[in-house]
Each structure stands twice: as structure tokens, then as C-alpha cells.
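Everything on this sheet refers to the single structure shown next.
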Amino acid sequence: MNSGLLERLIATLGRERITYCHWKSTFYLHLDHAEDGRDLDVLVDRRDAQRFEAVLASLGFKRAVDPIYGQAIAVHHCFGWDESLGTFIHVHVFYRIITGESLLKNYSLPFEKLLLSDCRKIEGIPTPQPAAELMQLVIRVMLKYASLPEYVLLRRRARQGYEDLAEELAYLRKDGADEQCSELLAHWLPSVDADLFQECLNGLRNETSAVRTAWLAYRLRRRMKAYGRFSFVAAFYHRTLMLLKLISWRVLRKGKRKHLSSGGIVIAFVGPEATGKSTLVAQSERWLNRVFAVRTVHAGKPPSSWLTAPLNLLLPLIRRWGPRRRGAQTEDAGQSNKSSVASLIYAVRCVALAWDRLRLLSKARRAGANGELVICDRYPSNVVGAMDSPRLRPSANGGGLIAAVHNRLARLETHLYKQVPPPDIVLRLTVPVETAKRRNHERIKPDKESDAYLEARHRQGRHWHRNGSTRIHEIDTNRPLDETLRQVRQVIWESV
């Protein structure tokens with residue numbers, strides 16, 4: 001194995017004398033595409049459960065759950081980030097052999113002691129003896145054909161799956177392992193006779209007909225009834241529920257589903273223009289979305305609601321009437337003549353923007369509370385006039401109806417921004433202003449920001465603050481991108 005993280009995990013488990021084995025598909029530990037150990041199915045002696053999980057935690061592994069299947073009994077997922085390989089290491093932990101169909105793991109097989117005893121080592125990882133693994137593999141695969149929905153799902157991907165299974169069976173049958181299965185069955189699973197097992201093995205090896213496979217699966221399921229986790233009615237209910245959840249997810253959501261067991265989180269990238277926010281947001285989303293349910297939002301450009309959409313359609317006209325100098329708008333926001341109609345229109349636009357940001361970031365907060373990892377490009381601060389923040393200041397001077405309405409709108413805008421929930425963690429990006437100017441000049445985009453505008457934004461961005469945000473990490477982006485990404489990933493992974 002060439003994974004630094006995996007090597008440390010194996011070494012630590014050996015040092016702690018924890019009893020475990022990689023119990024599924026050990027054939028693939030030999031293959032080049034699996035040498036980084038990205039997916040391990042680990043059976044752990046339940047007496048060592050607490051120590052095993054302590055080892056995982058000490059190496060930065062995080063427990064995760066699939067919201068459709070929920071947290072299974074005696075089974076869970078853990079993920080660790082290996083920076084040296086640039087990949088996640090997935091440890092699928094089992095304390096009991098819970099198996100069955102993809103839709104419903106309905107069987108608990110009594111093989112834990114058998115698989116954990118007399119292990120050999122492949123790539124440094126304890127693995128069961130070939131006969132023991134062959135026996136449980138044949139039973140696991142045949143049980144998958146025991147229901148009609150599962151049979152349909154398996155047949156859709158049958159060709160590639162069959163070729164992989166044939167290779168694995170040939171590997172395990174070397175040295176006469178199948179001949180030893182009869183003795184193992186008699187001792188560990190006496191309800192399944194050797195003849196039925198051999199028929200199942202031959203059927204899998206020779207890709208027998210669909211009818212024959214279904215008949216063998218039915219006979220095996222009848223013999224395995226005592227090891228079922230649910231009654232017939234309960235199994236039908238759970239299987240149907242899982243199928244409906246899967247269909248709804250693929251229709252409405254798609255993408256990865258894993259949620260961290262510790263819960264979701266809202267991550268905000270803040271900083272002036274040309275500090276790399278958009279690039280780092282895109283890279284972070286791509287990184288986390290390999291495994292977890294992730295969504296990104298842009299607080300600088302919130303989508304319109306039904307309430308603000310008509311106003312936003314008139315935005316070009318409003319901009320013609322409003323403050324024209326973008327550089328002045330950053331530090332003197334809301335300080336134009338508050339008795340003018342143009343200033344009043346601008347104030348209405350600011351309130352509408354505050355409403356859309358509150359609506360967007362409240363949704364982001366709910367998504368985080370429900371387990372998703374939410375990445376925000378920009379986030380409002382408490383500083384009036386700063387990027388994506390309140391822009392209006394009530395005036396103590398001046399009278400008249402327009403000025404009074406303007407002050408009322410300013411107070412409403414302040415009230416809306418106060419309701420915006422703070423992010424869980426903030427990555428405040430910094431870069432020297434001269435570097436920001438150079439990056440801005442190199443951008444290929446119309447209507448680039450002026451140097452004066454960038455200087456004003458950088459003065460404001462030095463002290464980003466929002467009430468309730470206590471976990472703020474400074475990220476210097478005046479470095480090569482790979483170094484910056486390495487620090488960003490480390491900060492996020494330690495925080496989730």
C-alpha cells in the first residue's frame with residue numbers, strides 16, 4: 001500500500017493489537033487501481049470496538065452516514081483525507097456480518113469468529129483464509145438475487161459485475177478452497193447443505209439462466225430464514241421504503257448522499273476581490289463532492305425571490321439613477337443626497353438585496369442543519385458599506401418625506417442583515433493589494449474593477465467580522481495554488 005494515511009492506520013492497529021480483517025473482496029487488494037486503499041471493508045472484533053474507533057479518530061477519520069439507509073446496526077462508514085495521495089480513504093466498519101440486498105441488508109451471518117481467526121496478510125492487511133471468504137462471498141452474492149427489485153438492479157449492471165465476480169471466484173478457488181467449504185458450512189452454517197452451496201457456486205461461475213439463479217436464491221433464502229433481521233412483512237415495508245427514497249433522490253437531488261455523523265456545516269469564503277474566492281470555492285466543492293452531499297451558494301449574487309424579482313428586472317434602470325462611481329460606492333455607500341429620488345430608489349434596491357441574501361443564507365443554514373456541507377462564496381459582515389454587507393446609514397440631518405422613508409429603509413436593511421445566521425467557519429482570504437491588482441489585470445472579463453475600487457475593498461476587508469462567527473481562519477493566497485488548497489483542505493477537514 002502506498003497511502004501514507006493507510007500505512008499509519010495499519011501500523012497503529014497492529015501496535016494496539018486490535019483484532020480486525022479486511023473481509024470482502026480481498027482479491028482487489030492486489031490490483032493497481034485499489035492499491036491506494038480507498039475502500040476497505042473492515043470486520044472488527046466487537047471487544048475492540050472502542051479502541052478501534054479511537055485509532056480512527058486519532059488519525060482524522062470522520063464518521064458518515066447515508067441519509068437514505070440511515071445508521072445501520074453494527075455497521076458504519078468512516079472517511080479520512082490522505083493529502084499525499086489526494087484521495088479519501090473509506091473504511092467501512094463492521095462489528096457483525098450484516099449483508100443482503102442493496103436495498104435491504106436483511107441477514108446477519110454468524111461468521112465473525114471464523115473470518116477473524118487464522119488470518120493471512122495481503123499488503124499488510126489481515127484477511128480471511130480463502131475458503132472462509134469464498135463461502136461468505138457465494139452466500140452474500142446469492143442473497144442479493146432473493147428479491148425482484150434487487151434482481152432487476154443487478155441485471156442492469158450484470159455484465160461488468162459478472163466479469164469481476166468470475167475473476168474473484170477464480171482467485172479464491174485456487175488451492176482447492178471450494179472443497180473446504182463443505183466442512184466450514186457443517187460447522188458454521190449447518191442449515192445450508194453442501195450440495196446447495198455447490199449449485200450456487202457453479203451457477204455464479206457459469207452465469208446460469210435468470211430463472212435458475214432466482215430459484216437457487218429462493219432455496220438459499222429459505223435455508224437462511226433463521227438469520228433474517230426482519231419478518232417477511234417488515235422486510236417488504238423497509239425494501240419498498242428504500243426503493244421510494246432512492247427514486248426520489250435520483251429525481252429530485254442526485255449527486256453524492258453521505259452526511260457526516262457530526263452534522264452539516266456552513267463554510268464561508270470571504271475576502272476582497274482577486275483573492276481567489278471563486279477558485280477556492282470551486283476546488284473545495286469538487287473535493288468534498290467526491291463523497292459528501294455538498295451545495296454551494298453565492299451570497300454576492302443571491303437569486304431573486306418572487307417578492308424582489310420585479311424590482312431586479314428594473315436593475316439596469318436603477319443603476320442609471322443610483323450612484324455611478326463604483327469606487328465611491330464602497331466607502332461612501334448610502335451617503336449621497338438622501339432627499340433625492342435616485343437615493344431612495346437605491347435604498348429600495350439595497351433592502352431587496354438584503355432580503356434575498358437573508359432568504360438564501362437561511363436556506364443554507366437549514367441545509368447545514370440537515371447534514372449537508374454548504375460552501376458560501378462571500379458572506380455579509382457587520383461593517384456598513386463593506387462587500388455584501390449593509391449599505392445604508394440613517395441620517396440624523398435633513399427632513400422631508402423622502403429622507404424619512406430613506407431612514408426607515410436603512411433601519412429595515414439593518415434589521416434584515418442582523419437576522420442572517422452566522423457561518424460555522426470562515427476562511428478569510430488575504431493577499432497584498434498589488435498582487436490583487438495584477439490578478440485583476442490578468443482577468444479575462446468585461447467591466448473590470450478599477451485599481452481604486454480594489455484598494456477600497458482591501459481596506460474594508462482587513463477586519464471582516466460578523467457577530468456569532470468565532471472560528472475565523474486566515475488564508476494567505478499569495479502562494480502557489482496547490483499550497484493554498486492544501487491549507488484550505490486541512491482547515492475544513494479539521495473543522496467538519
Side-chain angles (χ1 to χ4, degrees), residues 1-3 5-31 33-59 61 63 72-80 82 89-100 105 107-141 143 164-165 167-175 177-178 180-181 183-185 187-189 227:
M1 295 289 175
N2 56 7
S3 165
L5 178 60
L6 190 54
E7 285 178 344
R8 294 197 301 274
L9 174 61
I10 294 170
T12 306
L13 293 175
R15 195 164 51 247
E16 296 294 326
R17 298 183 180 279
I18 292 174
T19 303
Y20 76 102
C21 71
H22 183 278
W23 72 282
K24 283 201 295 186
S25 301
T26 60
F27 167 64
Y28 296 101
L29 293 175
H30 290 291
L31 303 182
H33 68 77
E35 280 186 351
D36 58 5
R38 286 175 293 180
D39 195 346
L40 296 178
D41 294 284
V42 177
L43 174 64
V44 181
D45 190 323
R46 61 193 307 163
R47 294 172 296 182
D48 292 334
Q50 289 184 319
R51 294 195 298 131
F52 179 82
E53 295 190 19
V55 169
L56 289 179
S58 70
L59 294 174
F61 281 84
R63 184 181 287 200
I73 301 298
V75 180
H76 63 262
H77 301 270
C78 287
F79 291 88
D82 191 326
I89 306 296
H90 174 206
V91 180
H92 198 182
V93 184
F94 293 77
Y95 298 114
R96 296 186 69 92
I97 302 299
I98 305 296
T99 189
K105 304 301 183 185
Y107 295 91
S108 177
L109 305 182
F111 297 154
E112 292 88 2
K113 187 175 180 180
L114 168 64
L115 298 179
L116 288 170
S117 62
D118 193 23
C119 287
R120 54 192 176 135
K121 287 195 175 182
I122 300 177
E123 301 288 347
I125 299 178
T127 60
Q129 292 298 323
E133 186 178 356
L134 177 63
M135 181 180 69
Q136 59 87 13
L137 173 64
V138 171
I139 291 173
R140 282 194 303 110
V141 174
L143 287 174
D164 292 344
L165 177 62
E167 284 189 90
E168 189 171 2
L169 289 172
Y171 162 74
L172 292 174
R173 291 181 66 245
K174 290 189 302 184
D175 302 324
D178 51 342
Q180 304 173 40
C181 289
E183 182 179 343
L184 294 177
L185 282 168
H187 183 78
W188 296 96
L189 197 63
Y227 300 97

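Here the structure is a predicted model, which means the values were calculated and not measured.
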For the atom pair [atom1] ([X]) and [atom2] ([Y]), what is the distance rounded to the nearest 0.5 Å?
| X | Y | atom1 | atom2 | result |
| --- | --- | --- | --- | --- |
| Leu137 | Leu169 | CG | CG | 5.5 Å |
| Leu115 | Glu133 | CG | CD | 8.0 Å |
| Glu168 | Leu134 | CD | CG | 9.5 Å |
| Leu40 | Ile10 | CG | CD1 | 7.5 Å |
| Leu43 | Ile98 | CG | CD1 | 10.5 Å |
| Trp188 | Cys181 | CH2 | SG | 14.0 Å |

Between [X] (side chain only) and [Y] (backbone N and O only), is there a donor and an acceptor less than 3.5 Å apart?
| X | Y | value |
| --- | --- | --- |
| Glu112 | Ile97 | yes |
| Arg51 | Glu16 | yes |
| Gln136 | Trp23 | yes |

| Does CZ in Arg96 sit with more than 12 non-hydrogen atoms of other residues, nucleotides or ligands closer than 6.0 Å? |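 No.
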| query | Who passes side-chain contact (heavy atoms from CB on, under 4.5 Å) against Arg15, sequence neighbours left out? | reply |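 Counting only residues at least two positions away or on another chain, Arg15 forms a side-chain contact (heavy atoms from CB on, under 4.5 Å) with Ala11, Thr12.
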| request: Please report the C-alpha distance between Leu109 and Leu189 in whole Å, then the side-chain angles of each, then the deciding distance to 0.1 Å, and finally whether the side-chain contact (heavy atoms from CB on, under 4.5 Å) criterion is met. | output: CA-CA 9 Å; Leu109 305 182; Leu189 197 63; 5.7 Å; no
| task | Could you tell me which non-hydrogen atom of Leu6 sits nearest to which non-hydrogen atom of Asp82, and how far apart they are? | result |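 Answer, listing the atom of Leu6 first, then Asp82: N-OD2, 4.3 Å.
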| said: Please evaluate residues Phe61 and Leu9 with respect to the criterion side-chain contact (heavy atoms from CB on, under 4.5 Å), reporting the C-alpha separation (whole Å), side-chain torsions for both, the decisive distance (0.1 Å), and the verdict. | reply: CA-CA 10 Å; Phe61 281 84; Leu9 174 61; 4.2 Å; yes
| request: Name the orientation class of the two ring planes belonging to His92 and His90 (parallel below 30°, tilted from 30 to 60°, perpendicular beyond 60°). | output: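 Answer is parallel, since the angle falls under 30°.
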| request: Please name all residues satisfying ring-ring contact (aromatic ring centres under 6.0 Å, His included) with Phe111, sequence neighbours left out, ordered by chain then number. | output: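 Result, ring-ring contact (aromatic ring centres under 6.0 Å, His included) vs Phe111: none returned.
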| said: My understanding is that only residues two or more places apart in sequence, or in another chain, count here; which of them pass salt bridge (Lys or Arg N to Asp or Glu O under 4.0 Å) with Glu53? | reply: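 Applying salt bridge (Lys or Arg N to Asp or Glu O under 4.0 Å) to Glu53 gives Arg63.
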| query | Would Arg140 and Lys24 satisfy side-chain contact (heavy atoms from CB on, under 4.5 Å), going step by step from the backbone distance to the final call? | reply | CA-CA 10 Å; Arg140 282 194 303 110; Lys24 283 201 295 186; 3.3 Å; yes
| request: Answer whether the closest heavy-atom distance between the side chains of Met135 and Leu114 falls below 4.5 Å. | output: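 Side chain of Met135 against side chain of Leu114, heavy atoms only: contact under 4.5 Å found.
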| request: Test side-chain contact (heavy atoms from CB on, under 4.5 Å) on His22 and Ile122 and set out the steps. | output: CA-CA 9 Å; His22 183 278; Ile122 300 177; over 6 Å; no
